[in-house]
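Notes follow once the structure below has been shown.
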There are 2 protein chains.
Amino acid sequence: MPGQHTLDETESQVATRLAGMDLDFEAMAVTANLFRAANAARNQMERTVLAKSNLTWTGFVVLWVAWIWETAETREIASEAGVSKATLSGVLTTLESRGLLERKRGERDGRLVTVELTAAGKKLMKGLFPEFNKAERHVTRGLDRPQLPAIAEALRQITQAARD
Amino acid sequence: MPGQHTLDETESQVATRLAGMDLDFEAMAVTANLFRAANAARNQMERTVLAKSNLTWTGFVVLWVAWIWETAETREIASEAGVSKATLSGVLTTLESRGLLERKRGERDGRLVTVELTAAGKKLMKGLFPEFNKAERHVTRGLDRPQLPAIAEALRQITQAARD
DNA sequence: CGCAGATAGTTTGGTCCCGAACGATCTTGA
DNA sequence: TCAAGATCGTTCGGGACCAAACTATCTGCG
């Protein structure tokens, strides 16, 4: 496959090209591979699990959050799904038009909107999530099993550090 | 801040809600936090480093790849940047119109297009990348320094596993 | 040679994505 | 009480994003 570089080739080229600059190469390796890994895993899951239900990644995450919390306010969903409220608004419209969830205007506070899955939405998630989890196991299969919690914890630290 | 959950609250709710299902919870924790971390880091870097140069994330990554490889074919850039060739085509048009790079039709093979940074593009990257690296150090500051290479390696394994 | 198939990049159509501006609703303090 | 400010979700404009269809080019085999 001409014109393709392996990960090793890329990292070696980076080291050569940036040699002599005053950089934190270890931090760079972590973040560069963080984005590569997240991207690769996401693409893999979109193709293998989500595509057959005609769901986008964000659509799935939004459904997942609402499913986990039974009922959720939109600002919670936006925060947990990692999208802006503007984006969420559009995605909710899409999912609502497909009958997977419902918006309800808050009764106590008229500014709020809460989201709840419909029966169809719950059924979809119930069938889909175990498959999604299989894909999660698949993409982590190269890691030492006892190492997993430590990796999850390291990723939590990154999330925390990036929130200010 | 009402309506916000901490990471701990979320993971505990997930455990409760999915209790009893036959799932790989450790793999789930890794991937869930992988996406959270990547998202948080990306947003942080977009706001703090990229915004002032009016660059999008993808725009920056594309410039970075072309900068590292001096000159690159578009399929290489698409692969390394983790976007489809369709997306790349549009992003290249944007960056080219801003005078940061140039497309050149391949001479030996007329189907190929190679990309090269202009002087302005090189100057931008030379100034921007050290700042970007500072942000990389910032988001990894919560991690034990000697642990960094192991984390980078674990992320490489995930990338690898997700590529089939 | 010449044409069938492979390969590269672009275009198209539809969704996602964000910041900023907006209208609606709630809260607070004088 | 009621106006100023805060907070919520939506809308708007423009870029990113992908799959599929398309054009152009190259390769190889008869």
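Naming convention: chains lettered A, B, ... in sequence-line order (proteins, then strands); numbering from 1 in each chain.
By the criterion of side-chain heavy atoms lying less than 4.5 angstrom apart, applied directly or through intervening Ile, Leu, Val, Met, Phe, Trp or Tyr residues, L112(A) is not grouped with L117(A); the two fall into different hydrophobic clusters.
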When the side chains of residues 142-149 of chain A are checked against the rest of the protein, which donor-acceptor pairs come out under 3.5 Å, sequence neighbours left out?
unit_1, atom_1, unit_2, atom_2, d
R145(A), NH1, D24(B), OD2, 2.8
R145(A), NH2, D24(B), OD1, 2.8
R145(A), NH2, D24(B), OD2, 3.3

Determine all donor-acceptor pairs shorter than 3.5 Å in which one atom belongs to a side chain in residues 34-44 of chain A; sequence neighbours excluded.
unit_1, atom_1, unit_2, atom_2, d
R42(A), NE, E46(A), OE2, 3.4
N43(A), ND2, N39(A), O, 3.4

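Annotation: W67(B) is in aromatic contact with F129(B) [ring centroid separation under 6.0 Å].
In this structure, I77(B) places its CD1 atom 15 Å from C1' of dT10(C), rounding to the nearest Å. Look at CG on L95(B): it is 11 Å from P on dC17(D), rounded to the nearest Å. Atom CD in E96(B) sits about 14 Å away from atom P in dA16(D), given to the nearest Å. If you measure from atom CZ of R98(B) to atom C1' of dG14(D), you get 13 Å, rounded to the nearest angstrom. Per the geometry, CG belonging to N39(A) stands 18 Å off P belonging to dC16(C), to the nearest Å. Between the C1' atom of dG9(C) and the CD atom of E107(B) lies a distance of 17 Å, rounded to the nearest Å.
Taking the salt bridge (Lys or Arg N to Asp or Glu O under 4.0 Å) definition, one finds that R156(B) meets it with E11(A), E153(B), sequence neighbours left out.
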Between N or O atoms, less than 3.5 Å apart, protein on one side and nucleotides 9-12 of chain D on the other: list the pairs.
unit_1, atom_1, unit_2, atom_2, d
dG9(D), OP1, T74(A), OG1, 2.3
dG9(D), OP2, T74(A), OG1, 3.1
dG9(D), O5', T74(A), OG1, 3.1
dG9(D), N7, K85(A), NZ, 3.1
dG9(D), O6, K85(A), NZ, 3.3
dT10(D), OP1, R103(A), NE, 2.9
dT10(D), OP1, R103(A), NH2, 3.2
dT10(D), OP2, S89(A), OG, 2.9
dT10(D), OP2, R103(A), NH2, 3.3
dT10(D), O5', S89(A), OG, 3.3

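Taken residue by residue, residues 45-71 of chain A places heavy atoms nearer than 4.0 Å to DNA chain C at T56(A), T58(A).
For residues 68-101 of chain B, the ring-ring contact (aromatic ring centres under 6.0 Å, His included) pairs, not counting sequence neighbours, are H5(A)-W69(B).
Residue whose closest nucleotide on DNA chain C sits further toward the 5' end, between G110(A) and V91(A): V91(A).
Only one option out of E136(B), H138(B), E131(B) pairs with M45(B) in a side-chain contact (heavy atoms from CB on, under 4.5 Å); it is E136(B). Under the side-chain contact (heavy atoms from CB on, under 4.5 Å) test applied with I77(B), the options V113(B), V61(B), V62(B) reduce to a single match, V62(B).
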